[in-house]
Amino acid sequence: MAAVLVVRSAGLAGHQLSPVVGVAVLHSRGIHNNVIPSSAHVPRGRGGRSSFSGIVATVFGGTGFVGQYVINKLGRDGSQIVVPHRCDWYNMLKYRTMGDLGQIIFSELDERDTESYRKMLQHSNVVINMIGRDWETRNFKFEDVNVDIPRTIARLCAEEGVDRLIHMSSLNAAPDSPSKLFRTKFAGEEAVKAEFPDATILRPAQIFGREDRFLNFYANLKLLGGVPLISRGRKTVRQPVYVGDVASAIINAAKERDTKGKTYELVGPKRYHLYDLVDYIYRVMHRDTIIYPYPKFMYMIAARFGELKWTPLITRDQVIRDHHTDTTTAGLPGLEELGVTPTSLEAGAISVLRRHRIHRWYEEAVDDAEPAKTAS
């Protein structure tokens, strides 16, 4: 596509020069100008970021928490990556160094335009959908983010002949869940499988990592002087999974042929009562706290006020999810079947919680805190 620009230069002050009119042709480059053609998706080189792995991946949701780890691993393997985004260009700068020169391509996405999605994925052989949101907004409800957008992506993948589609859902997704997010996640899985039966579905538990909204959320409650939990967290069992393990599982699922059409549940190696988990968080932080019971109806009222902010502090649906016991489905494969050894909370928590320590304990190792008590 080209645009014609008429350029007029005025005469210099004090000189009798005639204006000059020129015509410049501006060419706009699309994704197809940079992406390796589908006929050339053959691995080349000795491996590593300066080679080509044979994967051209479109990563929807790549600018999110998990997405940056996925892009980093893809770039390290020498894959070419298309990253649709809505954020400011300055927020994309950190991704440029994750792959070799020209291997990571950024393009602005319009979620309301179907052809915008098609442009992003039509030259890829792998599409990864990690689009998600922890709360609803006036523009995007859970149905839009978790059902309609995944359905559109799956349908376009089928139309464009994409080889692999990896869709990230959520553990505890169920049609009768008390959480609206979990209900729409399940509906999104069904919509994806209806449009693209060979899609691989990944259901991660609550993910922890340096930029998470899990360990950091409870750590930041130190400002309240205590942590309010329904029934003190004694009736809730969580099985958090490390972000690096989830990213590795996504990459391995895209590479392995026998993962087509399967659903995987990604959980950590240990289960904890929420009370014991929060207690461990504060022991690693070397901070005293009080974990006190808080009635559910009072929690929901407080969350309603928290929803009034543009970026909510907490929502009513989050209260439900935070106190929902993680349940795995018998017979479904997990991290081990994808070649990933699960990382325990005790091994990964220090990278998240060190910044929350007071200065005199900042350099202390995590070994000085007893491991969290596991649930039976």
Side-chain angles (χ1 to χ4, degrees), residues 65-66 69 130 132 134 167-174 176-179 181-183 185-186 189 200-219 221 227 229-250 252-253 262-284 291 317-353 366 369-376:
F65 169 39
V66 181
Y69 290 85
M130 295 180 290
D134 286 341
H167 173 71
M168 193 163 81
S169 180
S170 176
L171 190 70
N172 303 317
D176 56 350
S177 173
S179 165
L181 183 142
F182 289 153
R183 293 196 302 272
K185 284 288 188 181
F186 181 83
E189 291 181 15
T200 302
I201 308 294
L202 302 182
R203 294 177 174 175
Q206 182 69 60
I207 302 173
F208 69 91
R210 188 172 179 81
E211 306 87 356
D212 70 20
R213 295 195 187 102
F214 180 52
L215 299 184
N216 283 310
F217 172 76
Y218 289 112
L221 292 180
V227 180
L229 298 176
I230 298 173
S231 301
R232 298 187 73 198
R234 299 287 192 182
K235 297 181 180 179
T236 304
V237 179
R238 309 302 302 273
Q239 197 169 356
V241 62
Y242 180 56
V243 62
D245 295 343
V246 175
S248 296
I250 292 172
N252 293 350
K262 293 183 180 180
T263 298
Y264 293 82
E265 291 188 335
L266 313 181
V267 295
K270 299 179 182 178
R271 294 170 62 83
Y272 311 90
H273 283 101
L274 185 57
Y275 174 90
D276 296 314
L277 194 150
V278 173
D279 177 66
Y280 175 73
I281 290 172
Y282 279 83
R283 284 192 284 110
V284 171
I291 303 174
D317 199 77
Q318 182 184 339
V319 172
I320 295 172
R321 299 195 306 270
D322 286 350
H323 295 85
H324 191 290
T325 292
D326 289 337
T327 305
T328 56
T329 305
L332 287 185
L335 286 171
E336 293 85 352
E337 285 75 14
L338 289 171
V340 180
T341 302
T343 302
S344 68
L345 176 71
E346 290 80 3
I350 188 63
S351 64
V352 185
L353 299 175
V366 71
E370 274 193 41
K373 182 180 178 183
T374 57
S376 57

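Checking side-chain atoms of Ser344 against main-chain N and O of Ala347 turns up a donor-acceptor pair under 3.5 Å. Not one N or O on the side chain of Thr236 forms a donor-acceptor pair closer than 3.5 Å with the backbone of Gly233.
Annotation: the span from Leu345 atom CG to Lys270 atom NZ amounts to 8.5 Å, rounded to 0.5 Å. Between Thr200 atom OG1 and Asn252 atom CG the span is 11.5 Å, to the nearest 0.5 Å. How far CG of Asp279 is from NE2 of His273: 13.5 Å, rounded to the nearest 0.5 Å.
For Ser179, the side-chain contact (heavy atoms from CB on, under 4.5 Å) partners at least two apart in sequence or on another chain are Ser177, Leu181, Phe182, Asp317, Ile320, Arg321. With sequence neighbours left out, Gln206 forms a side chain to side chain donor-acceptor pair (under 3.5 Å) with no residue at all.
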| request: Might you work through the side-chain contact (heavy atoms from CB on, under 4.5 Å) test for Tyr282 and Val227, ending with a clear yes or no? | output: CA-CA 10 Å; Tyr282 279 83; Val227 180; 3.7 Å; yes
| Does the pair Glu189 and Arg203 meet the rule for a salt bridge (charged side-chain N to carboxylate O under 4.0 Å, His left out), with working shown? | CA-CA 10 Å; Glu189 291 181 15; Arg203 294 177 174 175; 2.8 Å; yes
Only distances under 3.5 Å count here; give the side-chain donor-acceptor pairs of residues 240-249 to other protein atoms, sequence neighbours excluded, each with its distance to 0.1 Å.
| from | atom 1 | to | atom 2 | distance (Å) |
| --- | --- | --- | --- | --- |
| Asp245 | OD1 | Thr343 | OG1 | 3.2 |
| Asp245 | OD2 | Thr343 | N | 2.6 |
| Asp245 | OD2 | Thr343 | OG1 | 3.1 |
| Ser248 | OG | Lys73 | NZ | 3.3 |
| Ser248 | OG | Gly244 | O | 3.0 |

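The number of heavy atoms from other shown groups lying within 6.0 Å of CZ (Arg213) does not exceed 12. Heavy atoms from other residues, nucleotides or ligands lying under 6.0 Å from CZ of Arg210 number 12 at most.
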